[in-house]
Amino acid sequence: RNGLNGAIEEAPEAPGMYRVRWARPAPAPLVSIVIPTRNGEPLVRQCLDSLKQTAYPAYEVILVDNGSDDPAALALFAEREAAGEIRVLRDDSPFNFSALNNNAVRSAAGEFVLLMNNDIEIVHPEWLDEMVGAATEPGVGCVGARLWYPDGRLQHGGVILVCGVAGHAHKYLPRGQHGYMGRAVLAQDFV
């Protein structure tokens, strides 16, 4: 009805409710994934390994190394950069998460930028298709993902303001619960 590039299907997590399955734009716009870290070899390895299952074809990974000194981490970064999986930007300035991301974005080639923590593990191949599809909708300025704690509780289902302070919607909701009117499992606008 709105002429958006996608299809409507029933949401398996919320029977009787529907979701948009976005069509991948052609050509697929490049997404620059920025991952700041300092050391953290096991986390970064898990994150980078999980990215390999991504179905979306057009992305670059920019790893921002903020003064790593752990030999295992440095070896991992060098190995993955030599393999062409990532580009490493070294930034030894005092830690400032926003500055690290902003500096990396200046060298990003993508039409879209995705800011990712180094402890994220991708669990679904179409995750980036979902995010890019929503981001290409007219009027959308920012897209967020649903993030899970390892114990199956929801960490992040959108950012909301509560008494003027940003917080995570549906935090700690158990997996399998869809929340009020499906809001914990369906894409929605937060304004």
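Quick caveat: nothing in here was measured; it's all calculated off a predicted structure.
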Any side-chain to backbone donor/acceptor pair from [X] onto [Y]? Under 3.5 Å, distance only.
{"X": "N5", "Y": "P25", "result": "no"}
{"X": "D151", "Y": "R153", "result": "yes"}
{"X": "N117", "Y": "I120", "result": "no"}

Let me confirm one number: the [atom1]-[atom2] distance from [X] to [Y], rounded to the nearest 0.5 Å.
{"X": "K171", "Y": "I160", "atom1": "NZ", "atom2": "CD1", "answer": "11.0 Å"}
{"X": "L48", "Y": "E121", "atom1": "CG", "atom2": "CD", "answer": "12.0 Å"}
{"X": "L154", "Y": "Q177", "atom1": "CG", "atom2": "CD", "answer": "11.0 Å"}
{"X": "N66", "Y": "R90", "atom1": "CG", "atom2": "CZ", "answer": "12.0 Å"}

Please walk me through it: do D65 and L89 pass side-chain contact (heavy atoms from CB on, under 4.5 Å)? CA-CA 6 Å; D65 177 9; L89 293 180; over 6 Å; no
Hey, any chance [X] and [Y] share a hydrophobic cluster, counting ILVMFWY side chains that come within less than 4.5 Å of each other, even indirectly?
{"X": "L115", "Y": "F112", "answer": "no"}
{"X": "L147", "Y": "L173", "answer": "no"}
{"X": "I122", "Y": "I86", "answer": "yes"}
{"X": "I35", "Y": "V64", "answer": "no"}
{"X": "V61", "Y": "Y56", "answer": "yes"}

Going by atom types only, do S68 and D70 share a side-chain donor-acceptor pair under 3.5 Å?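 No, because no side-chain N or O of S68 sits under 3.5 Å from a partner of the opposite role on D70.
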S32 versus E60, side-chain donor and acceptor atoms under 3.5 Å: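 Result is yes, a qualifying pair exists.
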If every non-hydrogen atom of [X] is compared with every non-hydrogen atom of [Y], which pair is closest and at what distance?
{"X": "A55", "Y": "R24", "value": "O-NH2, 3.3 Å"}
{"X": "G67", "Y": "D92", "value": "CA-OD1, 3.2 Å"}
{"X": "A28", "Y": "A58", "value": "O-CB, 3.6 Å"}
{"X": "E111", "Y": "P29", "value": "OE1-CB, 3.3 Å"}
{"X": "W22", "Y": "E137", "value": "CH2-OE1, 3.2 Å"}
{"X": "V185", "Y": "R146", "value": "CG1-NH1, 3.2 Å"}

Flag the pair [X] / [Y] as yes when at least one side-chain heavy-atom distance between them is below 4.5 Å, and no otherwise.
{"X": "Y59", "Y": "L114", "result": "no"}
{"X": "R21", "Y": "E126", "result": "yes"}
{"X": "Y149", "Y": "Y172", "result": "yes"}
{"X": "L51", "Y": "I33", "result": "yes"}
{"X": "S50", "Y": "V123", "result": "no"}
{"X": "P36", "Y": "N101", "result": "yes"}
{"X": "V34", "Y": "V113", "result": "yes"}
{"X": "R80", "Y": "D49", "result": "yes"}

Evaluate the side-chain contact (heavy atoms from CB on, under 4.5 Å) criterion for residues M116 and C47: first the C-alpha distance (whole Å), next the side-chain angles of each, then the deciding distance (0.1 Å), finally the verdict. CA-CA 9 Å; M116 180 180 283; C47 181; 3.7 Å; yes
Should F77 and T37 be marked as a side-chain contact (heavy atoms from CB on, under 4.5 Å) after you check the CA-CA gap, both sets of side-chain angles, and the distance that decides it? CA-CA 11 Å; F77 304 164; T37 194; 3.7 Å; yes
Do the side chains of E9 and R19 get close enough for a salt bridge, i.e. N-O under 4.0 angstrom?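 Judged by the 4.0 Å cut-off on N to carboxylate O distance, E9 and R19 do form a salt bridge.
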Thinking salt bridges, do R38 and D91 make one under a 4.0 Å N-O criterion?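 Between D91 and R38 there is no salt bridge, as every charged N stays at least 4.0 Å from the carboxylate O atoms.
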Does NZ or CZ of R175 fall inside the cone over W148's six-membered ring, less than 6.0 Å from its centre and within 45° of the axis?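 Yes.
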Check the pair R183, H170 against side-chain contact (heavy atoms from CB on, under 4.5 Å), reporting the backbone distance first and the verdict last. CA-CA 8 Å; R183 292 183 69 87; H170 315 289; 3.8 Å; yes
